[in-house]
Amino acid sequence: MRPFTYERADDVKGAIRAVAGRPDAKFIAGGTNLIDLMKVRVEMPAHLVDVNHLPLAKIEDAGGGLRIGALVRNSALAADRRVRERYPVLSEALLAGASGQLRNKATTGGNLLQRTRCFYFYNSGMPCNKREPGSGCSALQGMNRIHAVLGASEACIAVHPSDMAVALTALGAQVEIATPAGAARTVPMTEFHTLPGTHPEVETVLKPGELITAVTLPPPPPGGQAYRKIRDRASYAFALISVAVAGDQVALGSVAHKPWRAAKAEAALKSGGSPAAAAHAELAAAHGYGGNDYKIPLIRRMVVRTMAQAKEATRA
């Protein structure tokens, strides 16, 4: 790990000011992903700004929904009574992620900013356009079992690893952001993360110095909710595929560079189509790269089963 300097911020403006003027600076909260990446020299910030003491750790009722501070720990969010009762898909997704120890450290804002777990991204000896733009994508012809089947490009086929973000996408959440100019802006979850295109190193719409302050949830949609995750191990493993269903709203995880809102599937359901027809509509443009071809039929089955699980939850 390269040497770095450190400071603790006590207010939002001070934290933003400390990072905005330094392109080599980063915010740190739980650090569950950033520290790992620093150890393997994928991330090499020269300055860390600790935001753990900012007043962003509350879960508050807001207009029939919830406002979740960016520093709310994943374990606290999963256990919150309002989340368990009104947004069970979010609680289920959080509990499916990582381990109890990591959930106690990981934050809502930091979870959204996780970077891919692509083997080649972590291996500095291999070409990776996300880590070193213009160097190539080793996964295209390499080990791509965990990689994208939707929204990928020739520059990158990595996937976003978050469980929480998939549930938030299905629920229609929005991300609140504080800017260096002292203003605030709100971005829908569906627009917060980006597709790779020719610039896979750009992963979100955050601009230099901007800080996530909260995530807001609208009132829960009518209908049941469910989250299902397929992984190699029963615990402490990232998803090979995940599906979040909230009423007629559907999102997919570990299938694209971002949490994937299944808009085509939702349209098929609204027009009277079956869950199987909805899954087929969403996956019409899916494309495998050899090692991950299995994902496409598995997603179809997962969508159908998760919709059935959500329907069963409505009767409970």
Side-chain angles (χ1 to χ4, degrees), residues 4 6-16 18-19 25-39 43 45 47-60 62 65-80 82-84 87 89-117 160-169 171 173-179 184-187 189 192-193 203-206 209-217 227 236 238-239 253 258-259:
F4 60 89
Y6 167 92
E7 70 175 282
R8 192 181 89 175
D10 295 315
D11 61 77
V12 171
K13 289 183 179 179
I16 291 175
V19 168
K26 282 189 173 291
F27 299 116
I28 186 167
T32 58
N33 186 211
L34 177 59
I35 296 299
D36 282 346
L37 292 171
M38 289 172 66
K39 288 177 180 178
E43 293 276 11
H47 187 61
L48 293 181
V49 178
D50 185 344
V51 296
N52 280 294
H53 297 272
L54 304 186
L56 303 175
K58 293 182 180 179
I59 304 173
E60 303 170 296
L66 288 179
R67 184 177 186 274
I68 304 159
L71 291 175
V72 172
R73 306 291 163 170
N74 285 182
S75 54
L77 185 57
D80 187 88
R82 294 162 294 183
V83 174
R84 289 185 288 109
Y87 306 98
V89 65
L90 176 56
S91 184
E92 291 168 11
L94 286 161
L95 293 173
S99 65
Q101 294 95 328
L102 285 172
R103 290 195 295 271
N104 286 340
K105 288 292 292 179
T107 62
T108 298
N111 189 295
L112 297 181
L113 298 177
Q114 289 183 80
R115 306 201 70 188
T116 185
R117 263 59 183 189
H160 192 271
S162 173
D163 291 286
M164 182 194 78
V166 181
L168 291 176
T169 299
L171 289 167
Q174 303 214 21
V175 183
E176 293 184 5
I177 300 165
T179 74
R185 65 188 184 108
T186 301
V187 178
M189 269 296 299
F192 180 75
H193 297 94
E203 298 171 343
T204 73
V205 297
L206 284 177
E210 290 189 328
L211 176 69
I212 297 172
T213 53
V215 172
T216 58
L217 289 170
Y227 184 78
Y236 196 49
F238 294 99
K258 60 185 288 184

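As a basis for the values below, the full set of heavy atoms in this structure was taken, side chains included, without hydrogen atoms, waters or symmetry mates.
Between Ile212 and Leu206 the shortest side-chain heavy-atom distance falls below 4.5 Å. Side chains of Leu217 and Leu168 form a contact here, defined as non-hydrogen atoms less than 4.5 Å apart. You'll find the side chain of Leu90 stays beyond 4.5 Å of the side chain of Tyr227, heavy atoms only. Leu95 places a side-chain heavy atom less than 4.5 Å from the side chain of Arg103. Two residues are said to be in side-chain contact when any heavy atoms from C-beta on lie closer than 4.5 Å; Phe192 and Leu113 meet this criterion. In this structure the side chain of Lys26 never reaches within 4.5 angstrom of the side chain of Phe4, judged on heavy atoms.
Scanning for side chain to side chain contact (heavy atoms under 4.5 Å, CB included) contacts around Gln101 gives Ser99, with sequence neighbours left out. For the side chain to side chain contact (heavy atoms under 4.5 Å, CB included) test, residues two or more places apart in sequence or in another chain that qualify with Thr107 are Ala29, Leu71, Arg73. Every residue was checked against the side-chain hydrogen bond (donor to acceptor under 3.5 Å, both in side chains) condition with Asp11, not counting sequence neighbours, and none meets it. Under the salt bridge (Lys or Arg N to Asp or Glu O under 4.0 Å) criterion, Asp80 pairs with Arg82, not counting sequence neighbours. Looking at residues two or more places apart in sequence or on another chain, you find a side-chain hydrogen bond (donor to acceptor under 3.5 Å, both in side chains) between Glu7 and His47.
Of all non-hydrogen atoms in His160 and Lys258, the two that sit nearest each other are CB-CA, 4.0 Å. Across all their heavy atoms, Val12 and Ala178 have their closest contact at CG1-CB, 4.0 Å. For the pair Gly65 and Tyr87, the tightest heavy-atom approach, listed with the atom from each and the gap, is CA-OH, 3.3 Å. Of all heavy-atom pairs between Ala18 and Ala25, the closest is O-CB, 4.3 Å. Taking all atoms of both residues into account, the shortest heavy-atom contact from Asp163 to Ala239 is OD1-CB, 4.4 Å. In plain terms, the two heavy atoms of Ala165 and Asn111 that are nearest each other are N-OD1, 4.3 Å.
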Please tabulate, for the side chains in residues 30-39, all donor-acceptor contacts under 3.5 angstrom to protein atoms that are two or more places apart in sequence or on a different chain.
residue : atom : partner : partner atom : Å
Asn33   : OD1  : Arg115  : N            : 2.9
Asn33   : ND2  : Tyr122  : OH           : 3.3

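Annotation: the span from Arg67 atom CZ to Ile59 atom CD1 amounts to 12.0 Å, rounded to 0.5 Å. Atom-to-atom distance recorded for Met164:CE and Ile68:CD1 is 8.0 Å, nearest 0.5 angstrom. In this structure, CG in Leu211 is found 4.5 Å from CZ in Phe27, a value given to the nearest 0.5 Å.
Residue Thr213 is tested with Leu56, Ile177, Val175 for a side chain to side chain contact (heavy atoms under 4.5 Å, CB included); the sole match is Leu56.
His193 places a side-chain N or O within 3.5 Å of a backbone atom of Leu112 that can act as its donor or acceptor partner. Judged purely by atom type and a 3.5 angstrom limit, Thr108 has no side-chain atom pairing as donor or acceptor with the backbone of Ala70. The closest donor-acceptor contact from the side chain of Arg84 to the backbone of Ala79 lies under 3.5 Å.
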